[in-house]
Amino acid sequence: MKGTKLGSVGMRTFFSLNGRGSGENGDFLARYREAGYPQPAGWYGPYAYDAAWSLIEAVKSLVKANGGTLPRNARAQMPRAVARLAFDGVTGRVAFDGYGDTGNRRLTVLSVDAGRWATVTSGPAAP
């Protein structure tokens with residue numbers, strides 16, 4: 001990476017398809033490429049996709065709970081609706097704790113070795 005000095009350590013998040021190479025969740029990147037978008041999905045594309053679906057699912061739950069129409073105070077109800085969500089997204093299980101933080105915390109610690117990124121450790125991160 002530009003501007004990174006030898007011996008420095010960085011931390012970056014990467015998404016994992018949880019071992020799924022095909023099926024509804026596992027082929028996100030392939031479907032994205034096939035759709036012909038001008039920009040690559042990048043490392044954060046799958047997270048953005050799941051974030052958008054979180055909002056969509058929250059709105060759907062509010063509409064369902066309100067007899068098929070969006071409640072007048074939907075904006076005020078959104079934090080609670082998102083907090084109750086749990087679904088399988090392209091990055092894994094999407095759910096939030098009481099503070100609104102995701103339960104799917106995966107981190108990778110990298111270092112620069114001879115001018116190249118090298119993985120130090122990777123895996124789930126405890127809150």
Side-chain angles (χ1 to χ4, degrees):
M1 292 188 109
K2 188 176 181 179
T4 303
K5 297 180 180 179
L6 293 178
S8 63
V9 175
M11 187 166 64
R12 183 172 187 179
T13 59
F14 292 89
F15 75 96
S16 167
L17 297 178
N18 295 332
R20 299 181 203 131
S22 62
E24 181 181 338
N25 299 323
D27 61 358
F28 170 80
L29 294 176
R31 290 180 302 166
Y32 185 91
R33 282 189 295 273
E34 289 170 9
Y37 294 108
Q39 298 293 321
W43 286 111
Y44 297 103
Y47 288 112
Y49 183 86
D50 280 351
W53 269 110
S54 295
L55 296 176
I56 291 166
E57 291 296 324
V59 169
K60 284 171 46 178
S61 73
L62 292 177
V63 167
K64 183 178 179 182
N66 196 48
T69 60
L70 192 63
R72 292 182 62 87
N73 64 344
R75 182 179 289 202
Q77 292 184 40
M78 283 296 288
R80 262 183 300 221
V82 170
R84 291 190 301 257
L85 284 177
F87 64 94
D88 291 322
V90 297
T91 61
R93 189 74 178 156
V94 177
F96 303 93
D97 65 18
Y99 299 102
D101 295 328
T102 181
N104 183 9
R105 297 177 180 95
R106 294 193 57 84
L107 300 174
T108 298
V109 177
L110 304 165
S111 69
V112 177
D113 184 18
R116 303 191 84 175
W117 285 107
T119 300
V120 175
T121 186
S122 183

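Between the OG1 atom in Thr91 and the OH atom in Tyr49 there is a gap of 11.0 Å [rounded to 0.5 Å]. From Thr102, atom OG1 reaches atom CZ of Phe96 across 5.5 Å, with rounding to the nearest 0.5 Å.
When atom types are taken as modelled, the side chain of Asp97 and the backbone of Asp101 share a donor-acceptor pair closer than 3.5 angstrom.
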Show, in sequence, the C-alpha distance, side-chain angles and deciding distance for Val112 and Arg116, and conclude whether the side-chain contact (heavy atoms from CB on, under 4.5 Å) test is met. CA-CA 5 Å; Val112 177; Arg116 303 191 84 175; over 6 Å; no
Ser54 vs Phe87, test: side-chain contact (heavy atoms from CB on, under 4.5 Å). Steps then yes/no. CA-CA 9 Å; Ser54 295; Phe87 64 94; 3.8 Å; yes
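Closest heavy-atom contact between Phe28 and Ala41: CE2-CB, 4.4 Å. Taking every heavy atom of both residues into account, Asp113 and Ala118 meet most closely at CB-CB, 4.4 Å. Residues Asp50 and Gly89 come closest through the heavy atom pair OD1-CA, 3.4 Å.
Listed by chain and number, the residues in a side-chain contact (heavy atoms from CB on, under 4.5 Å) with Arg80 are Arg84 (sequence neighbours excluded). By the ring pair (Phe, Tyr, Trp, His ring centres under 6.0 Å) test, Tyr32 pairs with Tyr37, sequence neighbours left out.
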Under 3.5 Å, sequence neighbours excluded: what are the donor-acceptor pairs made by side chains of residues 59-75?
{"from": "Lys60", "atom 1": "NZ", "to": "Glu57", "atom 2": "OE2", "distance (Å)": "3.2"}
{"from": "Ser61", "atom 1": "OG", "to": "Ala58", "atom 2": "O", "distance (Å)": "2.7"}
{"from": "Asn66", "atom 1": "ND2", "to": "Thr69", "atom 2": "O", "distance (Å)": "2.9"}
{"from": "Asn66", "atom 1": "ND2", "to": "Thr69", "atom 2": "OG1", "distance (Å)": "3.1"}
{"from": "Thr69", "atom 1": "OG1", "to": "Asn66", "atom 2": "O", "distance (Å)": "3.4"}
{"from": "Asn73", "atom 1": "OD1", "to": "Gln77", "atom 2": "NE2", "distance (Å)": "2.5"}

